[in-house]
Amino acid sequence: MPEGPEMVFLKEQTEQFIGQVVVEVKGRTRNIPFELVKGQELTQIRTFGKEILFCFHNNVVRVHLMFFGKYAINGEVNRPLELGLSFEDGDLNFYACDCRFLKEPLEAVYDWSADVMSESFDQEQALQKLLRQPTQLICDALLDQSILAGVGNGIKNEVLFRARLHPESQVDQIPIAILKDLIKECVTQSFRYLDSKREGTVKEHWLVYQQKECPRDHIPLRKEKVGKGQRSGYFCEKCQVLFHPVTG
DNA sequence: GGTTATGTTATTTC
DNA sequence: AGAAATAACATAAC
């Protein structure tokens, strides 16, 4: 579930609990002081990138689903409970996730201008941050949460395809216009992902990620571990241009 | 049974 | 000291 749009979707699904008081806190997480959460009223839910933030009057419960995280709303799943919040009317259960307790004001912790799903996302700032990492490969840079919070491996592959850019292109070799287009696509595709999540059509959503054939050229996609992160890359070597330094 | 996978952080090594 | 590599954690599907 981990990419940004899915967190926004989760926020929409859990807003039913806003205004309700937490009547019980359970789970094996040791990062949350249960006694400080119990009895508190959920005032707001926010997301930052791949994180969801449950806000109470004086503190925040942060959940990150990591690789394998799952959740259940008004239900349970048969596996170890990481964090369970029971409200006056219903409950919210998280599994295999990373939970944290934040006491500081959110503004001191998060910069929403880096979050592709945020109204405050700043494309120009993202471009400047990218340019500050000139020798990075674009496939690694796209997954940098301090530049494009919320972008995960699925969105990464989709935006590279749409911008016709080879994942192993080096940042400083890519024309600025293409970088700008790529950043714009990060926003567009993230919201498109959210739409397909709402409609329940995520499986049909992907053009290249986990796919076999290039939708443009109808030739097999290459599937390789790319970049320093060695994450799965799905790309077409015919229509996605490689920008790399000329050697010698 | 081995491999792979939507991610991040802590620890170790150079 | 600091960057870079490695390990660690979690779990289901093929």
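Numbered from 1 within each chain, the chains take letters A, B, ... in sequence-line order.
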Peer 1: Give DNA chain B the dot-bracket treatment, 5' to 3': Watson-Crick (N1-N3 with N6-O4 or O6-N4) or G-U (N1-O2, O6-N3) under 3.5 Å, [ ] crossing, | other strand.
Peer 2: .||||.||||||||
Peer 1: What distance do A:Cys55 atom SG and A:Ile45 atom CD1 have between them, rounded to the nearest 0.5 Å?
Peer 2: 8.0 Å
Peer 1: Determine, for A:Glu51 against A:Lys11, whether the closest basic-nitrogen to carboxylate-oxygen distance falls under 4.0 angstrom.
Peer 2: no
Peer 1: So that I can tick it off, tell me whether A:Asp195 and A:Lys197 are bridged by a salt bridge, with the cut-off set at under 4.0 angstrom between side-chain N and carboxylate O.
Peer 2: no
Peer 1: Between atom NZ in A:Lys228 and atom P in B:dT8, what is the gap in whole Å?
Peer 2: 15 Å
Peer 1: Give the minimum heavy-atom separation between A:Gln40 and A:His57, together with the two atoms involved.
Peer 2: OE1-N, 3.7 Å
Peer 1: Report which part of the nucleic acid A:Lys156 touches: base, sugar-phosphate, or nothing (heavy-atom distance under 4.0 Å, all strands).
Peer 2: nothing
Peer 1: Please assess A:Tyr234 against A:Glu224 for the test side-chain hydrogen bond (donor to acceptor under 3.5 Å, both in side chains), listing each intermediate value before the final yes or no.
Peer 2: CA-CA 7 Å; A:Tyr234 296 80; A:Glu224 286 169 25; over 6 Å; no
Peer 1: Whole angstroms only, please: what is the CG-C1' distance between A:Leu142 and B:dG7?
Peer 2: 16 Å
Peer 1: Report yes if the distance between the aromatic ring centroids of A:His166 and A:Phe243 is under 6.0 Å, otherwise no.
Peer 2: no
Peer 1: Using a 4.0 Å heavy-atom cut-off, write out nucleotides 7-14 of chain C from 5' to 3' as B (base contacted by protein), S (sugar-phosphate only) or - (no contact).
Peer 2: ---BBS--
Peer 1: What is the distance from CD of A:Gln230 to C1' of C:dA5, rounded to the nearest Å?
Peer 2: 12 Å
Peer 1: Is any side-chain nitrogen or oxygen of A:Arg231 closer than 4.0 Å to OP1 or OP2 of B:dT6?
Peer 2: yes
Peer 1: To the nearest Å, how far apart are A:Asp144 CG and B:dG7 C1'?
Peer 2: 13 Å
Peer 1: Tell me whether the side-chain N/O atoms of A:Lys50 come closer than 4.0 Å to OP1 or OP2 in B:dT8.
Peer 2: yes
Peer 1: How about A:Trp206 and A:Tyr193: are their ring centres within less than 6.0 Å of each other?
Peer 2: yes
Peer 1: Taking the P atom of each, how far is C:dA10 from B:dT11, in whole Å?
Peer 2: 15 Å
Peer 1: If you check every side-chain atom of A:Lys225, which of B:dA5, B:dT6, B:dT9 has the closest atom?
Peer 2: B:dA5
Peer 1: Given a cutoff of under 4.5 Å between side-chain heavy atoms of I, L, V, M, F, W and Y, with clusters grown through shared members, what are the other residues clustered with A:Tyr95?
Peer 2: A:Val77, A:Leu81
Peer 1: If I take atom CD in residue A:Glu224 and atom P in nucleotide B:dT3, what distance separates them, rounded to the nearest angstrom?
Peer 2: 20 Å
Peer 1: Are the charged groups of A:Glu24 and A:Lys38 less than 4.0 angstrom apart, N to O?
Peer 2: no
Peer 1: If only side-chain N and O atoms of A:Gln145 are considered, is one of them under 4.0 Å from the OP1 or OP2 phosphate oxygen of B:dG7?
Peer 2: no
Peer 1: What is the distance from CG of A:Asn31 to P of B:dT9, rounded to the nearest Å?
Peer 2: 12 Å
Peer 1: Starting from P on B:dG7, measure out to CZ on A:Phe94 and report it in whole angstrom.
Peer 2: 18 Å
Peer 1: Rounding to an integer number of angstrom, what distance separates C:dT11 and B:dG1 when you compare their C1' atoms?
Peer 2: 16 Å
Peer 1: I need the CD-C1' distance between A:Glu6 and B:dG7, as an integer number of Å.
Peer 2: 13 Å
Peer 1: Does the pair A:Arg62/A:Asp98 count as a salt bridge with the N-to-O cut at 4.0 Å?
Peer 2: yes
